[in-house]
Q: 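Have a look at this one.
Note that the structure is predicted; figures quoted are calculated from it, not measured.
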Amino acid sequence: MKKPLKNLSFLLFSIGLFGCNQLENEVEELEQKYGIEMQINEIGDRDPETIPTFDRDEVETLLTYVKMFKEEEQQEGHTSHYLGDALLESVRTGDEEEIPVDSYRLYLGTKGEEVDVYNLLTTINFYSDRDGMVVAGVDAVRTGRGGMNWQQSAGEIIDANQEQAEFYLEGEWLGEFIYEGKILSFTEPNVLSFILTQEEIEEYRQQASNIDAVS
């Protein structure tokens with residue numbers, strides 16, 4: 001009676017080993033395709049309800065989004081942007097004073113149906129009562145589907161004058177999701193830079209004014 005049990009245990013072990021090797025092969029394939037190193041961990045005592053579960057297509061959509069950012073920055077030298085929305089002549093509180101600002105919320109990155117489930121949203125505040133592209137503040141946060149966040153470590157204005165303002169953001173993508181019963185995670189550094197011109201700001205201002213007029 002012991003021999004069949006021993007054979008069954010070996011069979012279950014072999015199936016488990018095959019599944020593990022299959023996942024490792026898949027992860028290695030994804031790493032090579034997207035240039036992003038990933039770790040495989042057990043779920044353990046963590047609550048799986050708090051971690052998104054992805055299928056293969058969803059994993060590739062997320063990795064495509066990060067890859068597009070990195071390639072665009074390397075090839076073009078700047079990340080593209082398009083207007084999310086604008087809040088004109090709003091007020092933010094400074095040191096014991098209210099500062100009039102125009103807030104522009106920009107989506108960074110290339111538009112595309114395959115990655116529209118993610119957005120990196122950058123909010124930029126320009127002083128409303130000062131000449132030129134005088135910046136009050138800038139911040140970036142990822143929105144949209146879960147499984148990944150953007151952690152900003154540095155943000156600065158390279159230059160701001162009458163005609164344009166250049167921004168530089170440094171940080172990393174933090175990915176974590178369940179795939180095939182395991183937790184896959186990655187930490188991928190990225191530098192983002194973009195330029196806003198006075199002409200673009202005027203176009204954004206006009207778009208915002210038109211939206212306000214319609215509403």
Side-chain angles (χ1 to χ4, degrees), residues 34 36 38 49-54 58-74 76-94 99-128 133-158 160 164-178 183-197 200-201 203-205 207-208 211:
Y34 295 98
I36 299 171
M38 291 185 285
E49 295 296 324
T50 63
I51 310 171
T53 299
F54 287 167
E58 290 170 325
V59 171
E60 295 215 43
T61 296
L62 184 149
L63 297 177
T64 296
Y65 182 75
V66 176
K67 183 182 179 183
M68 287 173 64
F69 261 101
K70 296 177 72 68
E71 288 182 346
E72 185 175 73
E73 186 69 28
Q74 291 166 0
E76 304 296 334
H78 286 95
T79 302
S80 61
H81 60 79
Y82 54 100
L83 185 66
D85 58 69
L87 181 60
L88 305 181
E89 296 184 0
S90 59
V91 174
R92 66 193 294 250
T93 303
I99 305 172
V101 299
D102 293 340
S103 292
Y104 297 90
R105 289 154 55 93
L106 303 179
Y107 292 117
L108 299 187
T110 305
K111 278 186 175 181
E113 292 182 0
E114 72 276 14
V115 295
D116 278 349
V117 291
Y118 294 99
N119 280 303
L120 186 63
L121 182 64
T122 301
T123 302
I124 305 167
N125 297 310
F126 289 101
Y127 289 107
S128 307
M133 308 279 283
V134 185
V135 183
V138 59
D139 191 27
V141 61
R142 191 208 61 77
T143 64
R145 183 183 292 175
M148 180 175 66
N149 284 305
W150 165 260
Q151 182 172 292
Q152 184 171 316
S153 58
E156 58 182 295
I157 300 108
I158 302 299
Q164 68 179 35
E166 183 175 352
F167 301 88
Y168 173 91
L169 303 175
E170 187 175 332
E172 54 191 11
W173 301 104
L174 305 175
E176 183 180 68
F177 47 87
I178 296 174
I183 294 178
L184 301 189
S185 61
F186 63 84
T187 300
E188 187 68 17
N190 204 179
V191 170
L192 312 169
S193 60
F194 58 97
I195 291 176
L196 275 178
T197 65
E200 287 174 319
I201 289 296
E203 291 177 0
Y204 290 163
R205 178 184 289 273
Q207 289 179 36
I211 293 173

Q: Give, for atom CD of E71 and atom OG1 of T64, the distance between the pair rounded to the nearest 0.5 Å.
A: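 E71 CD to T64 OG1: 9.5 Å, rounded to 0.5 Å.
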Q: Between F186 and L184, is a side-chain contact (heavy atoms from CB on, under 4.5 Å) present by the stated rule, with each step listed?
A: CA-CA 7 Å; F186 63 84; L184 301 189; over 6 Å; no
Q: Return the minimal non-hydrogen interatomic distance between F69 and L108, and the atom names on each side.
A: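 Residues F69 and L108, closest heavy atoms: CZ-O, 3.1 Å.
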Q: Looking at CZ of F54 and OG1 of T61, how far apart are the two atoms once the value is rounded to the nearest 0.5 Å?
A: 9.0 Å
Q: Taking side-chain hydrogen bond (donor to acceptor under 3.5 Å, both in side chains) as the definition, give me every residue that meets it alongside D85, ordered by chain and number, with sequence neighbours left out.
A: R105
Q: Counting only pairs under 3.5 Å, give me each side-chain donor-acceptor contact of residues 188-196, with atom names and distances, residues two or more places apart or in other chains.
A:
unit_1	atom_1	unit_2	atom_2	d
E188	OE2	K70	NZ	3.3
N190	OD1	W173	NE1	3.1
S193	OG	E73	OE2	2.6
S193	OG	G77	O	3.1

Q: Please report the shortest heavy-atom distance between Y127 and V135, naming the atom on each side.
A: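 Looking at all heavy atoms of both residues, the closest pair is CE1-O, 3.6 Å.
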Q: Which atom names give the shortest non-hydrogen contact between P52 and G146, and what distance separates them?
A: CG-C, 4.1 Å
Q: About how many Å separate OH of Y204 and CD of Q207, when rounded to the nearest 0.5 Å?
A: 7.0 Å
Q: Classify the side-chain pair E170/Y168 by whether it contains a donor and acceptor separated by less than 3.5 Å.
A: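 Result is yes, a qualifying pair exists.
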Q: Using the rule given for side-chain contact (heavy atoms from CB on, under 4.5 Å), can you reason through I157 versus M133, listing the C-alpha separation, both sets of side-chain angles and the distance that settles it, and then say yes or no?
A: CA-CA 11 Å; I157 300 108; M133 308 279 283; over 6 Å; no
Q: Rounded to the nearest 0.5 Å, how far apart are CD1 of I158 and CD of Q164?
A: 12.0 Å
Q: Just by distance, do the side chain of S128 and the backbone of D102 share a donor-acceptor pair under 3.5 Å?
A: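 At least one qualifying donor-acceptor pair exists.
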Q: Mind listing the closest non-hydrogen atom pair of I51 and E176 along with its distance?
A: CG2-O, 4.2 Å
Q: Considering all heavy atoms of both residues, which atom of I124 and which atom of V138 are nearest to each other, and what is their separation?
A: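 The pair with the smallest heavy-atom distance is CG1-CG2, 3.8 Å.
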Q: Between S153 and E172, is any side-chain donor less than 3.5 angstrom from a side-chain acceptor?
A: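 No.
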Q: Quick one: CG on N119 to CG on L106, what's the gap to the nearest 0.5 Å?
A: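 That separation rounds to 11.5 Å.
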Q: Parallel, tilted or perpendicular for Y107 and Y82, by the 30°/60° rule?
A: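 Rings of Y107 and Y82: tilted, 30 to 60°.
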Q: How many angstroms lie between CG in L63 and CE in M38, if you round to the nearest 0.5 Å?
A: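 Going from the CG atom of L63 to the CE atom of M38 covers 5.0 Å.
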Q: Are side-chain heavy atoms of I183 and F177 found at a separation under 4.5 Å?
A: no
Q: Who are the side chain to side chain contact (heavy atoms under 4.5 Å, CB included) partners of Q152, not counting sequence neighbours?
A: D139, A140, W150, L169
